[in-house]
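All figures in this text were calculated on a predicted structure; none of them were measured in a lab.
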Amino acid sequence: MSFSGKVKEELANQRSGARHCQIAEFAAIFSLCGKIAPQKQGELWLEIHTENLTVARKSYILISMAFQAETQIRIRRHRAVSRTSSYYLVVQEQQTVYEILKAVKILNEQEDRWGDFSAVPERLVQNTCCKRAYLRGAFMVAGSITDPEKAYHLEIAVLSEKYCRQLQKLMASFEIDAKIVERKKYYVLYVKEGAMIVDLLNVMEAHVALMDFENVRILKEVRNSVNRQVNCETANIQKTVTAAARQIEDIRYIESHGGVSVLSDGLREIAELRLDYPDAPLAELGQMLAKPLGKSGVNHRLRKLSEIAESMKMD
């Protein structure tokens, strides 16, 4: 099972104790994969259509818990090649249909005014717990999350720009800065920062997935930190080796052109040490001197030798 599938499985197993949270979560599911199906007899049926068994199971549970309603389940098998199925949940009992429509704020209490089917009903998400539930339902239907081993990316893709911006506002109430991009016919709300994805998993109460994500994130950060340190040390070693080679070249040039005789005792001593210990760091060379010097003192003498070599080359 993919990481995204595991997250949705965990969310499906969440049980909101409060009815208002159950309704908020179901409202999100219904707005994204539900429809009102008029019948010839003038009746209205409610139908949820999904290819995700997890969503179908959670929808059935929410309808049962929040409305104690009877739901018919129909499964349509696709061709053997695709190995997928479509799940249809249908509510036919008219009193229950109208109760659900009023609960999710698609129909007002007087049953004479319809609301916006593709909008987040603000009255359903007044409480923080209901906002969590609504985001959980929306993610289960239209969301996905990349395996953190590969990349940090969580998204919810919907058809309505207005609805997408309302979901963005819900996330913002938890200080999650989600972005929106248009992709073909979809509006995609996405989060790419690891810390914010962790926060959103916490908001939706996917705590097991959160721990798995955090473990991967910590390992990757440690790995990256070690790599940076190794790269830095490698660069420093390379820099030291290059500098030492240049210093030895300058000293050899001074020797070959009879310049050693004009060197002071201090310069001659450091020159001899550098030739004897080509790989030694400056601090170590300084401790080998008759009168020990620090790293800066050794560097000053070697730089003086380089200046003498350059001067000789110009003559």
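- Checked against ring pair (Phe, Tyr, Trp, His ring centres under 6.0 Å), Tyr152 has the following partners two or more places apart in sequence or in another chain: Phe213.
- Within a 6.0 Å radius of CZ in Phe174, more than 12 heavy atoms belonging to other residues, nucleotides or ligands are found.
- Within 6.0 Å of atom CD in Glu43, more than 12 heavy atoms from other residues, nucleotides or ligands are found, so the atom counts as buried in its surroundings.
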Please report the C-alpha distance between Ile145 and Lys8 in whole Å, then the side-chain angles of each, then the deciding distance to 0.1 Å, and finally whether the side chain to side chain contact (heavy atoms under 4.5 Å, CB included) criterion is met.
CA-CA 10 Å; Ile145 180 170; Lys8 291 185 180 184; over 6 Å; no
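- Judged as a ring pair (Phe, Tyr, Trp, His ring centres under 6.0 Å), the pairs with a partner in residues 32-60 (not counting sequence neighbours) are, in order, His49-Tyr88.
- Side-chain atoms of Met140 and Thr54, non-hydrogen and from C-beta on, do get closer than 4.5 Å to each other.
- A salt bridge links Arg136 with Glu205: at least one charged nitrogen is closer than 4.0 Å to a carboxylate oxygen.
- With a 4.5 Å cut-off on side-chain heavy atoms, Val191 and Asp199 do not count as touching.
- Between Lys6 and Glu10 there is no salt bridge, since none of the side-chain N atoms of the basic residue sits less than 4.0 Å from a carboxylate O of the acidic one.
- Contact of the Val120 side chain with the Tyr163 side chain is registered, since non-hydrogen atoms from C-beta on lie closer than 4.5 Å.
- Within the 4.5 Å cutoff, side-chain heavy atoms of Ser31 are placed close to those of Tyr134.
- Within 6.0 Å of CZ in Arg303 there are more than 12 heavy atoms belonging to other residues, nucleotides or ligands.
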